[in-house]
Amino acid sequence: MMTTPFHPTLSIIIPVHNRADLLTETLDSLAALTGRPLEVVLVDNASTDGSLACCEAFKARMDGPDFMVRVCSEPRPGANFARNTGFQVSQGDYVWFFDSDDRLFPDSLTRLLVALRSSDNQDLLVFPYVIRDRMDRLHHRPHRFSADPTNHLIDPVVATHNMCLTRNLVAMAGGWNPELSRWQDFEFGFRVLLKASNIAWLEGLPFYEV
């Protein structure tokens with residue numbers, strides 16, 4: 001009997017470099033997501049601490065017809081190299097770049113998939129998140145939603161992980177700049193806002209915790 005090829009609506013792309021002490025919590029938050037289908041792309045970026053083994057164990061535990069896990073490697077140091085590699089490996093119509101030391105909330109994928117399926121050809125969806133500081137206080141971000149890139153320069157609207165965008169928009173924006181070691185999401189987000197033509201702002205409850 002022929003099977004239908006796996007074609008996810010969404011790919012979550014995560015670069016990983018020496019995160020073995022934090023990675024398990026991030027991966028467990030992925031496993032607890034209630035939405036499907038999903039593709040997770042884990043890109044090991046020359047780790048030396050067992051992070052790659054954690055990624056491969058996660059693939060062995062979770063990989064299936066509606067939750068596909070891909071593990072690949074990028075030897076060139078730098079998260080932006082890894083993000084670009086993950087994007088090339090991914091198959092989703094939309095991509096969500098995430099980090100290996102943050103935690104998704106269980107209903108975040110379900111909420112995002114609902115928005116994608118009901119959207120009117122949006123090429124960019126932006127959503128809120130929270131930052132937990134060392135005093136265990138929660139800070140909500142972004143402070144406001146705005147499609148004006150100038151406002152992003154003053155008070156960042158998009159971060160690495162609070163935007164879901166089409167493959168075409170990633171390509172139009174030029175991908176992640178591997179020459180930058182800091183403020184990568186600020187610079188990439190600015191280019192994304194310049195190129196985005198139809199943005200959905202998913203206001204309300206946060207989607208994840210930093």
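As the structure is a computational prediction, the values presented were derived from the model and not from experiment. What you see below is based on every heavy atom in this structure, not just the backbone, and it leaves out hydrogens, waters and symmetry mates.
Under the rule for a salt bridge (Lys or Arg N to Asp or Glu O under 4.0 Å), Asp21 has no partner lying at least two apart in sequence or in another chain. Evaluation of the side chain to side chain donor-acceptor pair (under 3.5 Å) rule for Asp185 yields Thr160 as partners, not counting sequence neighbours. With sequence neighbours excluded, the residues forming a salt bridge (Lys or Arg N to Asp or Glu O under 4.0 Å) with Asp99 are Arg83, listed by chain and number. With sequence neighbours excluded, the residues satisfying side chain to side chain donor-acceptor pair (under 3.5 Å) with Thr85 are Glu74. With sequence neighbours left out, the salt bridge (Lys or Arg N to Asp or Glu O under 4.0 Å) criterion links Asp49 to no other residue. Take Glu25 and apply the side-chain contact (heavy atoms from CB on, under 4.5 Å) test, not counting sequence neighbours, and it matches Arg103. Checked against side-chain contact (heavy atoms from CB on, under 4.5 Å), Ala57 has no partners two or more places apart in sequence or in another chain. In this view, Ser29 satisfies the side chain to side chain donor-acceptor pair (under 3.5 Å) rule with no residue, not counting sequence neighbours. Listed by chain and residue number, Thr110 satisfy the side chain to side chain donor-acceptor pair (under 3.5 Å) test with Thr34 (two or more places apart in sequence, or in another chain).
Asp123 has no carboxylate O lying under 4.0 Å from a charged side-chain N of Arg167, or vice versa, which leaves the two without a salt bridge.
In this structure, Val41 is not a member of the same hydrophobic cluster as Leu10, with clusters built from ILVMFWY side-chain heavy atoms closer than 4.5 Å. Hydrophobic clustering keeps Trp96 apart from Ile199 (ILVMFWY residues linked when any side-chain heavy atoms are closer than 4.5 Å, directly or through intermediates). The hydrophobic clustering, which links ILVMFWY residues whose side-chain heavy atoms are closer than 4.5 Å, places Met68 and Ile13 apart. Note on Phe81 and Leu52: separate hydrophobic clusters, where clusters join Ile, Leu, Val, Met, Phe, Trp and Tyr whose side-chain heavy atoms are under 4.5 Å apart, directly or indirectly.
Shortest non-hydrogen contact noted between Leu23 and Ser51 is CD2-O, 3.8 Å. When all heavy atoms of Ala79 and Asn45 are compared, the closest pair comes out as N-OD1, 3.8 Å. Here the shortest heavy-atom pairing between Phe145 and Glu203 reads CE1-CG, 3.2 Å. Of all the heavy atoms in Thr48 and Asn18, the pair that sits closest is N-OD1, 2.6 Å. Nearest heavy-atom pair, Pro75 versus Ala46, reported as atom, atom and distance to 0.1 Å: O-CB, 4.0 Å. Summarising the geometry of Val69 relative to Leu42, their closest heavy-atom pair is CG1-CD1, 4.3 Å, with the distance given to 0.1 Å.
Counting heavy atoms from C-beta outward, Glu39 and Ser90 have side chains that approach closer than 4.5 Å. Using a 4.5 Å heavy-atom cutoff, the side chains of Val192 and Leu165 are in contact. Looking at Phe98 and Leu104, their side chains come closer than 4.5 Å, going by heavy atoms from C-beta outward. The shortest side-chain heavy-atom distance between Trp183 and Glu187 does not fall under the 4.5 Å cut-off. In this structure the side chain of Leu38 reaches within 4.5 angstrom of the side chain of Ile12, judged on heavy atoms. The shortest distance between side-chain heavy atoms of Val16 and Val43 does not fall below 4.5 Å. At a threshold of 4.5 Å between non-hydrogen side-chain atoms, the residues Leu116 and Cys164 count as touching. Counting heavy atoms from C-beta on, the side chains of Phe105 and Pro206 come closer than 4.5 Å.
The backbone N or O of Phe97 sits nowhere less than 3.5 Å from a side-chain atom of His161 that would complete a donor-acceptor pair. Within the 3.5 Å criterion, the main-chain N or O of Ser100 finds a donor-acceptor partner in the side chain of Thr26. The closest donor-acceptor contact from the side chain of Arg111 to the backbone of Leu205 lies under 3.5 Å. In terms of modelled atom types and a separation under 3.5 Å, the side chain of Ser108 and the main chain of Tyr208 share no donor-acceptor contact.
The distance from atom OH of Tyr94 to atom CG of Leu113, rounded to the nearest 0.5 Å, is 11.0 Å. Note that the CD1 atom of Ile14 and the CG atom of Leu27 stand 6.5 Å from one another [nearest 0.5 Å]. Separation of atoms CG (Leu112) and CG (Leu33) is listed at 10.5 Å; rounding is to 0.5 Å. Of the inter-residue distances, the one linking Lys195 atom NZ with Thr166 atom OG1 reads 13.0 Å to the nearest 0.5 angstrom.
The environment of NZ in Lys59 is crowded: more than 12 heavy-atom neighbours from other residues, nucleotides or ligands sit within 6.0 Å.
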Sequence neighbours excluded and cut-off under 3.5 Å, please list the side-chain donor-acceptor pairs for residues 169-179, or say none.
residue	atom	partner	partner atom	Å
Asn177	OD1	Glu179	N	3.0

Please tabulate, one pair per line, all N/O donor-acceptor pairs under 3.5 Å involving side-chain atoms of residues 151-159, not counting sequence neighbours.
residue	atom	partner	partner atom	Å
Asn151	OD1	Arg144	NH2	3.4
Asn151	ND2	Ser146	OG	2.7
His152	ND1	Val157	N	3.0
His152	NE2	Phe186	O	3.0
Asp155	OD1	His143	ND1	3.2
Asp155	OD2	His143	ND1	3.0

Please tabulate, for the side chains in residues 125-135, all donor-acceptor contacts under 3.5 angstrom to protein atoms that are two or more places apart in sequence or on a different chain.
residue	atom	partner	partner atom	Å
Arg132	NE	Glu209	OE1	3.3
Arg132	NE	Glu209	OE2	3.0
Arg132	NH1	Asp136	OD1	2.7
Arg132	NH2	Glu209	OE1	3.0
Asp133	OD1	Met135	N	2.9
Asp133	OD1	Asp136	N	3.0
Asp133	OD1	Arg137	N	2.8
Asp133	OD2	Arg137	NE	2.8
Asp133	OD2	Arg137	NH2	3.2
Asp133	OD2	His139	NE2	2.8

